Amino acid sequence: MATVLSGISGAFYYKPAGTKATFTETDVAITGNTIFVGTNMGFRVGDPVKFSLVNTQTGAVGTGTLPATLSGATTYYVLTYSTSTGLMTVSTSAGGTVLDLTDDGTAVAPNKFQVAYADFGAVSEVRDWSIEVSRAEIDVTTIGQTLSQYVPFRQYISGFGDANGSATVYFTDEDNSFANRIIQDVLLRKQVGATMKLYMDRVESAGVVDDTKSRSIEAEVTLTSASFTVNPDDAQSIAINFRPSSAVSFDLLTA
């Protein structure tokens with residue numbers, strides 16, 4: 001008999017909103033070691049980020065050369081970022097020294113450089129999450145068919161997919177908690193980069209999540225609302241609602 005999964009094996013992972021941006025060669029300043037990644041983004045000091053090349057027309061991996069001394073295989077950490085100027089500096093360690101940039105790289109249009117939040121982080125303050133996936137129905141009923149004693153029935157084919165979800169998180173006094181960050185991200189002007197990975201069955205190997213054995217749903221999302229509940233008898237909880245902003249990825253089988 002199969003083992004029925006319970007919520008105990010589930011988990012909620014997140015990449016914050018406003019943490020994916022593209023930039024060009026002219027945005028790299030050797031003097032000052034700064035990179036212009038755009039104003040009003042959601043990057044924070046200490047965020048782990050990775051750099052890559054992207055084809056802005058197809059979304060596929062781009063061609064070119066990253067600014068030296070950046071490496072696509074290395075995780076860097078945001079050392080400084082200004083929402084008003086859009087300038088970022090990075091380090092090879094959290095709170096370390098600024099990375100010295102020695103050239104501005106090469107990225108010919110439609111290729112650009114990209115900086116994005118490096119890895120999913122577990123949101124430990126989540127009480128529950130849910131997601132509903134649906135399919136549209138397209139009416140393909142025709143008229144003038146064979147005469148019959150009874151009326152014909154309508155005919156349908158499956159249409160586009162859609163989804164919406166919610167999660168309940170606990171509000172804490174830890175300013176840097178992921179739960180508090182999700183709440184703030186609801187109002188963030190630029191939500192690009194917000195991505196959720198929802199585990200129905202999280203399996204670990206040697207203390208690390210083993211995605212080949214786990215079951216999950218992953219999607220880039222748009223955060224649509226946050227509903228606050230405060231009373232003297234319960235922990236403060238916030239209901240977060242979201243919708244996928246691109247195709248939903250289902251990994252419901254183990255390798």
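Just so it is clear, the structure is predicted and the values come from calculations on it, not from any experiment.
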Point to revise | Asp175 with Arg181: basic N within carboxylate O range, under 4.0 Å | key: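 Judged by the 4.0 Å cut-off on N to carboxylate O distance, Asp175 and Arg181 do not form a salt bridge.
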Check your understanding: Are any of the side-chain nitrogens in Arg154 or Asp139 under 4.0 Å away from the carboxylate oxygens of its partner?
Key ->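 A salt bridge links Arg154 with Asp139.
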Under 3.5 Å: donor-acceptor pair, side chain of [X], backbone of [Y]:
| X | Y | answer |
| --- | --- | --- |
| Asp185 | Leu188 | no |
| Asn180 | Thr172 | yes |
| Ser84 | Ser82 | no |
| Thr141 | Gln155 | yes |
| Thr19 | Ala116 | no |
| Ser177 | Glu125 | no |
| Glu25 | Ala107 | yes |
| Ser91 | Thr97 | yes |
| Glu137 | Gly159 | no |
| Thr56 | Asn111 | no |

Practice item. Check the surroundings of atom CG in Asp173: do more than 12 heavy atoms from other residues, nucleotides or ligands lie under 6.0 Å from it? Key: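 Count not over threshold, so no.
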Check your understanding: Under 6.0 Å from the CZ atom of Arg189, do we count more than 12 heavy atoms belonging to anything else shown?
Key ->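 Open: at most 12 neighbouring heavy atoms sit under 6.0 Å from CZ of Arg189.
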**Study point:** Stepwise side chain to side chain donor-acceptor pair (under 3.5 Å) test for Asn40 and Thr83
**Key:** CA-CA 5 Å; Asn40 299 314; Thr83 59; 4.9 Å; no
[Y] and [X], any side-chain heavy atoms less than 4.5 Å apart:
| X | Y | result |
| --- | --- | --- |
| Val203 | Val209 | no |
| Ile182 | Val123 | yes |
| Phe23 | Val28 | yes |
| Val90 | Tyr77 | no |
| Leu70 | Ile35 | yes |
| Val61 | Val54 | no |
| Glu218 | Met196 | no |

Going by atom types only, do [X] and [Y] share a side-chain donor-acceptor pair under 3.5 Å?
| X | Y | answer |
| --- | --- | --- |
| Asp47 | Tyr81 | no |
| Ser214 | Ser216 | no |
| Ser134 | Asp162 | no |
| Ser237 | Thr229 | no |

Practice item. Would you sort out whether Arg202 and Asp210 count as a salt bridge (charged side-chain N to carboxylate O under 4.0 Å, His left out), showing the intermediate values? Key: CA-CA 8 Å; Arg202 183 184 62 180; Asp210 187 344; over 6 Å; no
Exercise for review: Tell me, please, whether Tyr117 has Lys15 positioned over its six-membered ring: NZ or CZ under 6.0 Å from the ring centre and within 45 degrees of its axis?
Suggested key: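 Lys15 over Tyr117 ring: no.
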Review point. Centroid-to-centroid, Tyr199 to Tyr13, below 6.0 Å?
Key: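 Tyr199 vs Tyr13: aromatic centres under 6.0 Å.
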Practice item. Test salt bridge (charged side-chain N to carboxylate O under 4.0 Å, His left out) on Glu204 and Lys213 and set out the steps. Key: CA-CA 8 Å; Glu204 298 181 3; Lys213 298 179 181 178; over 6 Å; no
Exercise for review: Give me the ring orientation class for Phe171 and Phe228: parallel if the planes are under 30° apart, tilted from 30 to 60°, perpendicular past 60°.
Suggested key: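 The rings of Phe171 and Phe228 stand perpendicular, inter-plane angle above 60°.
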